[in-house]
Amino acid sequence: MVKVFEKELPLDNGVPAFVKPQRRSTSKWLIAGFLVLGYFLLNGFSIPSISFTMDLTENDIDYKLTYLDALKTNLAGNWSKIYTAEPHLAGTNYGLVEFTKEKFEEYGLKAVVDDYEILVSYPKDHDLNLIESSSGKVLYKAPLKEDVIDEDETTSGDDLVPTFLGYAANGNVTADYVYVNYGTKDDFEKLKALGVDVTGKIAVVRYGKIFRGLKVKFAQDNGAVGVLLYSDPGDDNGITPANGYEQYPKGPARQESSVQRGSVQFLGGVGAYPGDPTTPGYASKPGCVREDPHKAIGKIPALPISYREVKPILAKLNGHGVKLTDKDWIGELEGFEYYTGPSKKVELNLYNDQDFNISTLSNVYGEIEGAISSETIVIGNHRDAWIKGGAGDPNSGSASMLEIARALGELKAKGYKFKRNIVLMSWDGEEYGLLGSTEYGEFASQMLKRKVVAYLNVDVSVSGPVLGLEGCPSLFNVLKKVAGELEYPEEGVGSLLDHFLSHHGDKIGALGSGSDYTVFLEHLGIPSVDMGFGGGKDSPIYHYHSNYDSYHWMEKYGDKGFVFHNLMAKFLGLVALELSESSVLPLKLSDYADYLIQYFDTVKDKIPKSWFTETVKDKAVFQEYLTYSDDDVESIKSDTNGFYQVHSISPFTEFLQADVCPTHKGNLMYQIQKHLNVTLDTLIDLTIKDLADLQNASSNFDAKSAELLMQYENRDSLSWLDKVKLWTHIIKQNKLMQYFERNFIHHKGLHERKWFKHMIYASGRYTGYAGQVFPLLQEAIEDNDFERFVKGLGVVTKAFRRIQHQLE
Ligand SMILES: *[C@@H]1O[C@H](CO)[C@@H](O)[C@H](O)[C@H]1NC(C)=O
Ligand SMILES: *[C@@H]1O[C@H](CO)[C@@H](O)[C@H](O)[C@H]1NC(C)=O
Ligand SMILES: *[C@@H]1O[C@H](CO)[C@@H](O)[C@H](O)[C@H]1NC(C)=O
Ligand SMILES: *[C@@H]1O[C@H](CO)[C@@H](O)[C@H](O)[C@H]1NC(C)=O
């Protein structure tokens with residue numbers, strides 16, 4: 001049940017255009033073309049404002065050189081210091097809201113603060129005791145605190161954020177406990193098979209593999225009454241004291257008292273959704289209706305602890321329950337022999353107390369306006385952190401983003417005229433469940449779908465030296481182009497692109513649901529990318545969501561000299577500029593088609609063999625497969641701003657016989673029922689053929705983009721009429737690129753996850769972070785649901801065919 005009541009929401013006065021939901025524009029390329037033509041006819045060529053249409057940048061300034069020149073000064077460390085000096089949990093540090101806004105303004109951006117009222121939880125009290133069952137005696141009381149490190153100033157003080165899990169339910173439970181490995185769906189199933197019952201017990205789970213909120217969800221679904229989450233040294237790539245590495249601050253190994261805080265919202269789980277748990281699918285503006293949040297958050301208490309704290313607890317399970325032999329179940333915790341438990345001799349008392357508040361969360365936006373006001377490039381980073389520091393997560397990204405603002409500001413100050421809008425967005429509340437970005441995306445959905453060309457996300461910009469990129473294939477080419485122009489800051493490596501290719505090959509990963517791009521890509525269909533420098537195999541351990549993710553760690557281990565912060569500002573800023581300043585948008589649609597073919601191949605390999613020869617009988621399935629409903633047509637038109645049309649009500653004419661081909665829907669179904677006996681392999685072959693056609697059409701389309709760009713670059717020799725024609729073509733070409741991704745929005749949403757609407761990308765239902773391609777198909781396979789698979793195949797094939805038709 002998704003309600004969008006954007007139009008009814010009160011609008012603040014003075015909000016810049018990019019945060020105001022606007023009416024859908026009726027302009028089509030034709031109209032635009034005529035307007036341009038009319039303009040030229042009326043005004044001739046001589047007046048300066050002609051530059052608006054034909055020559056958008058009458059700039060003497062080389063934007064790349066000027067931008068990079070500004071970044072020869074590196075102030076990232078200065079910003080990092082400021083962002084990481086005080087606690088800034090979601091909704092709690094208005095000083096940093098104002099600081100960010102002032103900086104944006106100082107650099108010439110039009111800035112605004114956009115508030116939402118969102119349910120979050122703040123820590124009040126916690127307790128964890130290991131108890132002897134027979135006597136009730138407390139054997140061990142966990143301190144639930146990270147050690148103070150003198151040389152690292154943000155690890156001490158009376159303003160430290162306690163160790164806690166956002167949205168973990170309040171409660172005081174005493175129960176037996178069991179070790180459940182990573183707490184994945186499979187792990188709980190394996191325990192069941194081993195005869196270990198989790199019902200009524202506290203689940204002790206190690207971090208890793210899947211999003212922590214889903215660990216709590218699966219524990220709850222399996223009857224657990226509480227959850228403890230800990231970091232096992234076995235997940236530290238061998239950078240451990242056992243292998244001779246010293247702990248932070250002396251060395252690169254994990255500090256044994258470090259605790260990973262974090263949200264246990266259910267995020268991408270079945271039935272769940274990101275954003276405010278009380279406002280599924282609509283914005284948390286004052287006065288909005290609120291719903292029961294428990295589809296998105298849990299009902300059992302949970303606490304995070306360090307490996308030092310979990311040791312005495314898990315050691316008590318030695319010799320009790322099942323001894324685990326599967327190496328995937330065994331970590332490297334000293335003194336624990338990896339038994340499941342429970343033990344009759346001991347139990348745990350777990351107490352969690354938090355305030356659940358409707359709190360005001362503040363996003364900050366800063367805009368540079370371009371000549372084409374209807375096309376916007378967005379760069380986003382969140383500001384909130386779980387701890388006082390947060391030098392990696394997220395404020396390395398915040399520091400890089402302020403550097404981008406500064407360098408763009410210098411361009412602007414020098415009189416450079418931007419072609420498209422560039423907007424920087426500083427989100428609040430990402431950590432709790434992508435709160436600020438999701439609520440904004442829901443609030444301004446129509447405007448964003450209309451205007452945004454691409455969303456570029458940077459969360460942790462630096463926690464190590466290895467560049468990671470995930471995103472939509474249409475953007476891969478521009479990312480590679482820019483990476484090829486920058487130098488990697490290490491002798492002998494070559495360009496940033498050389499570095500990337502040597503680590504990842506010529507491949508961009510699929511986005512899941514780890515950060516603020518989620519609403520843009522998976523709810524709105526806006527092409528997105530997420531980037532950041534992370535750790536390699538032998539990099540120092542990054543203390544994620546711990547007090548040791550501090551300025552001191554960053555300066556000493558993470559990024560000496562803030563060199564990678566600076567490189568990220570160069571890279572991300574130049575990608576945005578490449579997107580905003582190219583007269584013909586640099587999206588490469590054939591790359592998208594190539595990836596679709598590969599993705600479909602992997603899906604095909606997972607289809608049960610017996611399905612291929614199974615006949616599709618159900619009339620309703622055919623209906624979904626062969627026809628567009630009025631809702632389909634409406635949403636496609638609206639999502640693509642009218643640039644992608646539905647031309648024919650039945651796209652699968654190969655199923656119809658010419659002599660009986662009627663136009664009436666009811667008749668059509670009758671004929672299909674009577675004459676066709678279709679097996680799945682026929683449909684699969686059809687999809688493969690459609691993908692090949694799409695690939696061909698998109699290659700031709702890209703060739704046309706290149707041709708248009710060449711003509712544009714040589715436009716001086718054209719007559720004015722030919723210039724008008726050329727620009728008209730470019731407008732159409734750009735709009736088809738801008739709205740290409742929107743075609744993958746399925747307005748009905750995914751199965752049991754209606755908020756997630758992208759038919760190519762979603763987070764896995766059982767993993768949370770990791771991306772899963774073709775979710776409509778893969779989930780149907782996982783659920784062994786043949787008919788849903790066929791319906792899903794119909795949905796994606798219709799999209800392929802429609803897009804191909806439009807691109808030709
Ligand atoms: C940045 O930090 C350095 C070193 O602390 C300092 O010398 C410099 O003045 C700072 N610059 C700005 C603009 O804050
Ligand atoms: C939690 O429950 C335990 C055992 O019932 C009790 O001893 C303890 O006082 C309770 N803690 C709080 C803060 O209520
Ligand atoms: C949350 O609500 C509690 C109880 O109403 C209040 O005491 C506390 O100050 C609030 N916390 C924040 C950070 O707003
Ligand atoms: C690819 O597209 C071109 C241009 O539209 C067309 O002539 C050609 O037949 C297509 N090739 C295939 C294999 O569909």
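Position 1 is the first residue of the sequence, and the numbers go up from there. Whatever order the structure lists them in is the order used to number ligands and atoms, beginning at 1.
- Side-chain contact between Y248 and I541: absent, with no pair of heavy atoms (C-beta onward) separated by less than 4.5 Å.
- Ring geometry for F533 against Y488 counts as tilted: the plane angle lies between 30° and 60°, on a 0 to 90° scale.
- The closest non-hydrogen atom to atom 14 (O) of ligand 2, taken over D125, V173, N172, comes from N172.
- Contact of the Y107 side chain with the K412 side chain is not registered, since no non-hydrogen atoms from C-beta on lie closer than 4.5 Å.
- Of all protein heavy atoms, the one lying nearest to atom 5 (O) of ligand 1 is N78 ND2, 4.9 Å.
- When atom types are taken as modelled, the side chain of E439 and the backbone of D276 share a donor-acceptor pair closer than 3.5 angstrom.
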* Check the pair Y551 / F562 against ring-ring contact (aromatic ring centres under 6.0 Å, His included), numbers first and verdict last. => CA-CA 11 Å; Y551 182 86; F562 293 85; 5.6 Å; yes

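- Here the heavy atom of the protein found nearest to atom 4 (C) of ligand 2 is T174 OG1, 4.1 Å.
- At the shortest separation from atom 7 (O) of ligand 3 among protein heavy atoms lies D355 OD2, 4.2 Å.
- Under a 4.0 Å criterion applied to the non-hydrogen atoms of N357, ligand 3 contributes the atoms 1 (C), 2 (O), 3 (C), 8 (C), 10 (C), 11 (N), 12 (C), 14 (O).
- Between the side chains of Y365 and N363, at least one donor-acceptor pair of N or O atoms lies under 3.5 Å.
- With ligand atoms numbered from 1 in the order given, ligand 3 contributes 11 (N), 12 (C), 13 (C) to contacts under 4.0 Å with heavy atoms of Y122.
- When distances from atom 2 (O) of ligand 2 to the protein are checked, a heavy atom turns up under 4.0 Å.
- Without hydrogens or angle criteria, Q220 side chain to K299 main chain gives a donor-acceptor distance under 3.5 Å.
- There is a protein heavy atom closer than 4.0 angstrom to atom 11 (N) of ligand 2.
- Each of the following atoms of ligand 2 lies closer than 4.0 Å to a heavy atom of Y351: 13 (C).
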